[in-house]
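Read through the structure below, which is laid out as structure tokens, and then see the notes.
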Amino acid sequence: MTQIIHHIPELREYLKNSEDIVLVPTMGNLHAGHLSLVEIAKQYGKTVVVSVFVNPLQFGPTEDYAEYPRTLEEDCTKLKSIGVDVVFAPGLDDMYPDQQTCFVVPDEAVLEASSRPGFFLGVATVVLKLFNIVQPKTAIFGKKDYQQLRVIQTMTRQLNLPIQIIGAPIARAEDGLALSSRNSYLSEAERAEAPRLHAVLEEIQSLVLQGDLNYSQLIENGLNTLRAHGWKPDYIAICPQDNLSLMPSSNVPLVVLGAATLGTTRLIDNIEITPAN
Ligand code: AMP
């Protein structure tokens with residue numbers, strides 16, 4: 001039976017004899033991408049905890065914290081139907097009882113961090129809190145948020161947390177658009193245009209795999225394609241998979257990442273480029 005728990009003392013009481021806990025942190029409004037993380041979580045441990053918390057600390061002052069879709073009842077129905085053990089849905093007072101002055105400040109300064117100051121401070125801080133509350137052995141994060149996954153892996157290593165971090169594949173709609181809670185902001189016409197971000201990244205992936213090393217030109221072409229179709233691109237970047245701050249080179253596995261705004265909706269996506277040899 002799925003337990004729905006809102007407060008930390010009840011959660012600790014419920015989990016006190018559980019070993020082998022796997023945590024899937026989310027902000028709710030769950031789609032098939034989130035549910036795929038739960039399926040992976042089941043392979044890694046006995047007790048699967050899904051947290052649902054829209055974290056104000058990771059939203060900038062002009063971002064969509066107030067509008068972010070909150071659908072806890074539907075989320076719980078979905079999580080029950082796939083046999084999650086615990087849904088942890090804390091309130092603001094549970095997660096931030098004081099005026100918070102103690103933060104995790106990741107040292108990443110690239111890509112999302114440049115575009116969204118304070119975002120990774122908010123993400124890393126809430127994830128560390130969730131780790132301390134739930135004390136999982138393993139936590140699952142989607143590669144959809146590639147840089148977030150790297151920030152969490154770095155935090156876990158640098159702060160010596162005894163937690164295994166697993167990156168899960170991106171779940172996509174049939175037309176290639178990465179599933180995201182923010183897709184619900186798209187108008188019908190924007191939704192039809194939205195898969196282009198994936199298509200542009202895929203085109204770059206394919207050219208790099210064919211041996212094209214002119215990364216800056218590939219990026220420029222990708223940005224121009226997006227602009228020509230009405231997007232406001234934020235960045236396209238080609239980076240080593242294990243360190244997004246370094247320059248790409250032909251002898252390490254790469255990832256191509258992109259962020260762009262369509263109408264008023266900012267979308268992110270990425271594709272790993274792993275040579276077949
Ligand atoms: P969010 O609720 O957007 O904070 O996402 C919660 C977790 O689900 C994060 O680890 C995301 O990377 C992951 N996630 C979101 N969308 C997808 C997707 N389309 N495929 C795989 N994982 C995803």
Side-chain angles (χ1 to χ4, degrees), residues 8 22-31 33-34 37 41 49-70 75 88-92 94-136 138-161 163-168 170 178-182 234-235 237 239 241-245 255 257-259 266-270:
I8 295 168
V22 189
L23 173 64
V24 181
T26 81
M27 297 207 298
N29 193 238
L30 302 181
H31 51 63
H34 297 109
L37 303 194
V49 178
V50 176
S51 61
V52 176
F53 179 63
V54 183
N55 174 35
L57 202 57
Q58 72 191 67
F59 286 78
T62 60
E63 292 183 357
D64 55 343
Y65 176 67
E67 302 88 62
Y68 197 85
R70 290 159 170 85
D75 293 346
F88 177 51
L92 268 182
D94 299 282
M95 291 302 288
Y96 295 108
D98 305 328
Q99 274 228 282
Q100 179 114 6
T101 56
C102 185
F103 304 109
V104 181
V105 188
D107 62 1
E108 307 270 339
V110 293
L111 304 177
E112 289 297 292
S114 318
S115 310
R116 304 179 71 188
F119 174 63
F120 286 121
L121 177 150
V123 168
T125 301
V126 81
V127 169
L128 181 61
K129 281 166 159 286
L130 289 167
F131 284 176
N132 287 331
I133 294 165
V134 176
Q135 304 199 2
T138 305
I140 317 288
F141 292 85
K143 289 188 180 178
K144 159 80 175 25
D145 299 278
Y146 205 88
Q147 195 179 353
Q148 168 173 288
L149 169 65
R150 291 291 177 253
V151 166
I152 300 301
Q153 285 171 323
T154 304
M155 173 184 81
T156 303
R157 189 177 66 249
Q158 292 185 352
L159 298 184
N160 312 99
L161 307 178
I163 301 173
Q164 179 186 25
I165 306 297
I166 302 296
I170 302 176
L179 300 182
S180 164
S181 306
R182 289 190 167 103
D234 198 347
Y235 60 79
C239 307
Q241 287 178 15
D242 59 2
N243 190 334
L244 307 183
S245 332
V255 55
L257 305 109
R266 186 173 183 277
L267 300 177
I268 60 169
D269 202 347
N270 67 80

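In this chain, numbering begins with 1 at the start of the sequence shown. Every heavy atom of this structure was used, including side-chain atoms; hydrogens, water molecules and symmetry mates were not.
- For the side chain to side chain contact (heavy atoms under 4.5 Å, CB included) test, no residue two or more places apart in sequence or in another chain qualifies with S114.
- Using a 4.5 Å heavy-atom threshold, the side chains of F103 and P106 count as separate.
- A heavy-atom distance below 4.5 Å is found between the side chains of I163 and P136.
- You'll find the side chain of L23 stays beyond 4.5 Å of the side chain of F88, heavy atoms only.
- Considering CG of N29 and NE2 of H34, their distance stands at 7.5 Å, rounded to 0.5 Å.
- Using a distance-only test at 3.5 Å, with no hydrogens or angles considered, no donor-acceptor pair links the side chain of D75 to the main chain of G28.
- To the nearest 0.5 angstrom, F141 atom CZ is 8.0 Å from L149 atom CG.
- Inter-residue side-chain proximity for Y146 and L244 is flagged as met; some heavy-atom pair is nearer than 4.5 Å.
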Begin with the C-alpha distance, continue with both residues' side-chain angles, and end with the deciding distance and a verdict on side-chain contact (heavy atoms from CB on, under 4.5 Å) for I133 and Q135.
CA-CA 6 Å; I133 294 165; Q135 304 199 2; over 6 Å; no
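- Remark: N270 engages no residue in a side-chain hydrogen bond (donor to acceptor under 3.5 Å, both in side chains) (not counting sequence neighbours).
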Mind running side-chain contact (heavy atoms from CB on, under 4.5 Å) on L159 and L128 for me, showing each step along the way?
CA-CA 10 Å; L159 298 184; L128 181 61; 4.2 Å; yes
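- For Q58, the side chain to side chain contact (heavy atoms under 4.5 Å, CB included) test picks out M27, N55, F119, V123, V126, with sequence neighbours left out.
- Take Y68 and apply the ring pair (Phe, Tyr, Trp, His ring centres under 6.0 Å) test, not counting sequence neighbours, and it matches F59.
- With values rounded to the nearest 0.5 angstrom, M155 atom CE is found 8.5 Å from T125 atom OG1.
- Proximity of V49 to V22: side-chain heavy atoms (C-beta onward) are nowhere separated by under 4.5 Å.
- Residues forming a side-chain hydrogen bond (donor to acceptor under 3.5 Å, both in side chains) with T138 (at least two apart in sequence, or on another chain): Q164.
- Applying the salt bridge (Lys or Arg N to Asp or Glu O under 4.0 Å) test to D94 and every residue at least two apart in sequence or in another chain returns nothing.
- In this structure, the separation between NZ on K129 and SG on C102 is 8.5 Å, given to the nearest 0.5 Å.
- Put simply, the side chain of N243 gets close to the backbone of S245: a donor and an acceptor are under 3.5 Å apart.
- Qualifying side chain to side chain contact (heavy atoms under 4.5 Å, CB included) partners for L37, counting only residues two or more places apart in sequence or in other chains: V24, I140, A168.
- When the side chain to side chain contact (heavy atoms under 4.5 Å, CB included) test is applied to A113, the partners found at least two apart in sequence or on another chain are F120, Q147.
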Show your working on side-chain contact (heavy atoms from CB on, under 4.5 Å) between V50 and T26 and close with a plain yes or no.
CA-CA 7 Å; V50 176; T26 81; 3.9 Å; yes
side-chain contact (heavy atoms from CB on, under 4.5 Å) assessment of F53 paired with L92
CA-CA 8 Å; F53 179 63; L92 268 182; 4.0 Å; yes
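- Applying the salt bridge (Lys or Arg N to Asp or Glu O under 4.0 Å) rule to pairs touching residues 141-159 yields K143-E272, sequence neighbours excluded.
- The side-chain hydrogen bond (donor to acceptor under 3.5 Å, both in side chains) search around Q241 returns T274, not counting sequence neighbours.
- With sequence neighbours excluded, the residues satisfying salt bridge (Lys or Arg N to Asp or Glu O under 4.0 Å) with R182 are D64.
- Annotation: side-chain hydrogen bond (donor to acceptor under 3.5 Å, both in side chains) contacts of R116 (sequence neighbours excluded): E63.
- Contact of the I170 side chain with the L179 side chain is not registered, since no non-hydrogen atoms from C-beta on lie closer than 4.5 Å.
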